[in-house]
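Residue indices begin at 1 and follow the sequence shown.
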Amino acid sequence: MVQISVIGAGSVVFTGRLIVDLCLTRSLFSSTVVLMDIDKKRLNMMYNLATKYAREMNTDLSIKKTMDREEALNGADFVINTVKVGGYEPMEIERKIAENHGYYRGSGDRVSDYYGGIGAFHQLKFFLDLASDVEEICPDAWLIQAANPVFEGTTLISRETKAKVVGVCHGHSGYIDVLKTLDLKQEDVTVKMAGFNHNIWLVDFLYNDENAYPILDQWIKKKAEEYWKSDEYLNSPPWTAEQMSPAAVDMYRIFGLFPIGDTLRSASPWWYHTDLKTKQRWFGPSGGFDSEIGWSMYLDLLREVLEQMRVWASDPGTALTEVYPPTFSGEQHIPFIDAIANDKKVQLQLNIPNKGMISGIPDDVVVEVPVLVDRIGVRAIRIGQLPKRLMLHVMMPRMLRMEQVLQAFLDGDRESLLLMIAEDRRTRSFEDARALLEEQLGESWNSEAAKHYK
């Protein structure tokens, strides 16, 4: 019997999937699930959905709800953090401010929504506060970091606290789209992916125990152009079209390994992202997940799903197992918990401190690598060296940006935030960079950040 506490349980993306997975994992049926959120309406909605789904699935899960974080952490064996502080609206306003200063789709990383606001301040502060509470209230619990930025957040927690933390993301499942396009059966394929969160690469690719990269090369040579003209590609949603897009093929050509999942969003070269027309050339008709078209589609989808959930939660006649089919989501949270709690050895893709797994990366930098998990804990599978060009032009710059973000946050260093903006290739002058920073920090929701960064 374990207690699983979900912090930020009102999440549209995660909580429903976790409950379905939990209801399909018989060895965890006696668990207690504590749903915690500060939004009372969203919390009640998810609680109603969770309890109803558990009844329909005939489980004996004990599901509770609370708006008090300390209450949620008391007795926890596993803590899942899905919190996005403040939602998306402030981020979108900050993006518009940046665009008014000449930064198309916002400043900073390729994915301008990735950090969750200027300097990731609100997210990082919450992560550190939550990890400190875990240390004090449930020190033996595992903290499962699902909220972005996973790279910065998991590195911060692992360095600054003693919490047992792992970062979890589903981006690695993009390799399944590669297999579908190449018409390869998943059971015949072995893959190994490694890098940083939202920056992972197909290190090993075997089909029937033989190198499958030549199969990919032949597809690129003979079928890629035809595929990019097909209805399958042209009508795919932006978050799936990216995986086998011209951008993915070009990144493979440049860096020597095939990019997987969110790597196409956050680790792709700047020249794919100069304007919408350019994005559409590289990522398809929508311009990719983070274009003004693709991101609007995603936000609209979240609103639609939220409205559906509200209807399902309030309608006693809705059979949730029909609208939410009882099939595993592919998320790793529940398999991780099951492996630890019930000593089931399983291989997962997690974010943990490097400790020599990828050559050339410091031990205290969190990497995303394949790991073995059981009651003993988490043991990474060694990766070794990545291609030099990839390391020098993608991995090291991304690691440097992570270090810059954490240094600015930990030291309250406003000048470091300014330097990060000033280094953006679109910055016209140091004065313009300062004006952008001050305008963003001047927004009402950033009053605490403005005091923090001196």
Point to revise | Audit row: Arg414, Glu438, salt bridge (charged side-chain N to carboxylate O under 4.0 Å, His left out) steps and yes/no | key: CA-CA 10 Å; Arg414 185 176 294 215; Glu438 296 304 323; 2.8 Å; yes

Practice item. Indicate yes or no for a side-chain donor-acceptor contact from Thr240 to the backbone of Ser236 under 3.5 Å, with no hydrogens or angles considered. Key: no

Point to revise | Under 3.5 Å donor-acceptor, Asp21 side chain and His333 backbone | key: no

Review point. Does a side-chain heavy-atom distance below 4.5 Å link Met399 with Pro362?
Key: yes

Review point. Can you tell me if CG on Asn235 sees more than 12 non-hydrogen neighbours from other groups inside 6.0 Å?
Key: yes

Study note, to complete from the structure: Correct closest heavy-atom pair for Leu348 and Pro335 would be CD2-CB, 4.2 Å

Review point. What closest approach, in Å, do Ala194 and Gln349 show between heavy atoms, and which atom pair accounts for it?
Key: N-NE2, 4.2 Å

**Study point:** Any donor-acceptor N/O pair, Glu152 side chain to Ala120 backbone, under 3.5 Å
**Key:** no

Check your understanding: Closest heavy-atom contact between Ser158 and Val366?
Key -> OG-CG2, 3.9 Å

Review point. Is the His122-Phe409 ring centre distance short of 6.0 angstrom?
Key: no

Review point. Under 6.0 Å between the ring centres of Trp201 and Phe196?
Key: no

Practice item. Kindly say whether Asn354 contributes a backbone atom to a donor-acceptor pair with the side chain of Asp363 at under 3.5 angstrom? Key: no

Exercise for review: For residues 243-260, pull every pair meeting salt bridge (Lys or Arg N to Asp or Glu O under 4.0 Å), keeping only residues two or more places apart or in separate chains.
Suggested key: Asp250-Arg253

Practice item. Could you check if a side-chain atom of Leu43 sits within less than 4.5 angstrom of a side-chain atom of Leu35, using non-hydrogen atoms only? Key: yes

Practice item. May I ask you to decide if Ala76's main-chain N or O and Ser5's side chain share a donor-acceptor pair within less than 3.5 Å? Key: no

Review point. Is it the case that more than 12 heavy atoms not belonging to Ile38 sit under 6.0 Å from its CD1 atom?
Key: no

Review point. Short question: side chain of Thr427, backbone of Ile421 - any donor-acceptor pair under 3.5 Å?
Key: yes

Review point. Between Phe336 and Phe78, how do the two ring planes meet: parallel, tilted or perpendicular, split at 30° and 60°?
Key: perpendicular

**Study point:** Salt-bridge present (Glu92, Arg95; N to O < 4.0 Å)
**Key:** yes

Exercise for review: Starting from the C-alpha separation in whole Å, work towards a yes-or-no answer on side chain to side chain contact (heavy atoms under 4.5 Å, CB included) for Met91 and Lys84.
Suggested key: CA-CA 11 Å; Met91 269 184 346; Lys84 170 65 190 76; 3.7 Å; yes

**Study point:** Val373/Leu350 under side chain to side chain contact (heavy atoms under 4.5 Å, CB included): CA gap, chis, key distance, verdict
**Key:** CA-CA 10 Å; Val373 184; Leu350 298 179; 4.1 Å; yes

Revision key, fill the gap. Closest heavy-atom pair, Gly195 versus Ile358, reported as atoms and distance to 0.1 Å, is N-CD1, 3.8 Å

Practice item. Measure from NZ or CZ of Arg265 to the centre of the six-membered ring of Phe289, then state whether that distance is under 6.0 Å and the direction lies within 45° of the axis. Key: yes

**Study point:** Within 6.0 angstrom of Lys192 NZ, more than 12 heavy atoms from elsewhere
**Key:** yes

Check your understanding: When you look at CD of Glu70, are more than 12 heavy atoms from neighbouring residues, nucleotides or ligands closer to it than 6.0 Å?
Key -> no

Review point. For Arg382, does the CZ atom sit with more than 12 other heavy atoms under 6.0 Å from it, leaving out its own atoms?
Key: yes

Revision key, fill the gap. Minimal heavy-atom distance between Val79 and Ile7, with the atoms involved, is CG1-CG1, 3.8 Å

Check your understanding: If you measure from the Lys or Arg side-chain nitrogens to the Asp or Glu carboxylate oxygens, is any gap between Asp133 and Arg69 under 4.0 Å?
Key -> yes

Check your understanding: Taking side chain as C-beta onward, heavy atoms only, is Asp204 less than 4.5 Å from Val191?
Key -> no

Point to revise | Side-chain (Thr263) to main-chain (Ile200) donor-acceptor, under 3.5 angstrom | key: yes

**Study point:** His452 ring center near Phe121 ring center (under 6.0 Å)
**Key:** yes

Check your understanding: Do NZ/NE/NH1/NH2 and the carboxylate oxygens of Lys125 and Glu448 come within less than 4.0 Å?
Key -> yes

Point to revise | Glu225 side chain vs Tyr227 backbone, donor-acceptor pair below 3.5 Å | key: no

Check your understanding: Got Phe205 and Leu184 here, is their nearest side-chain heavy-atom distance under 4.5 Å?
Key -> yes

Exercise for review: Look at Glu135 together with Lys162 and state whether they make a salt bridge at an N to O cut-off of under 4.0 Å.
Suggested key: no

Review point. Is it true that Asp364 and Arg159 have a side-chain N and a carboxylate O under 4.0 angstrom from each other?
Key: yes

Practice item. Tell me, yes or no, whether the heavy-atom count around Gln407 atom CD, taken from other residues, nucleotides or ligands under 6.0 Å, exceeds 12. Key: yes

Review point. In terms of side-chain geometry, is the basic nitrogen of Asp275 or Lys277 positioned less than 4.0 Å from the acidic oxygen of its partner?
Key: no

Review point. Could Glu443 and Lys96 be called an ion pair, given the rule that one side-chain N must be under 4.0 Å from one carboxylate O?
Key: no

**Study point:** Stepwise ring-ring contact (aromatic ring centres under 6.0 Å, His included) check, Phe283 with Trp239
**Key:** CA-CA 10 Å; Phe283 297 103; Trp239 40 88; over 10 Å; no

**Study point:** Nearest atoms (heavy-atom pairs only) where Asp262 meets Gly171
**Key:** OD2-CA, 3.8 Å

Check your understanding: Picking from Tyr252, Trp219, Phe258, Tyr207, what satisfies ring-ring contact (aromatic ring centres under 6.0 Å, His included) with Tyr213?
Key -> Tyr252

Review point. Leu390 pairs by side-chain contact (heavy atoms from CB on, under 4.5 Å) with which of Gln385, Met395, Met396, Met251?
Key: Met395

Practice item. Using a strict 4.0 Å threshold on nitrogen-to-oxygen distance, state whether Asp374 and Arg379 make a salt bridge. Key: yes

**Study point:** side-chain contact (heavy atoms from CB on, under 4.5 Å) involving Glu307 - partner list, sequence neighbours excluded
**Key:** Arg310, Val311

Point to revise | Within-4.5 Å side-chain heavy-atom neighbours: Ile4 and Asp77 | key: no

Check your understanding: Would you call Val34 and Lys65 a side-chain contact if the rule is heavy atoms closer than 4.5 Å?
Key -> no

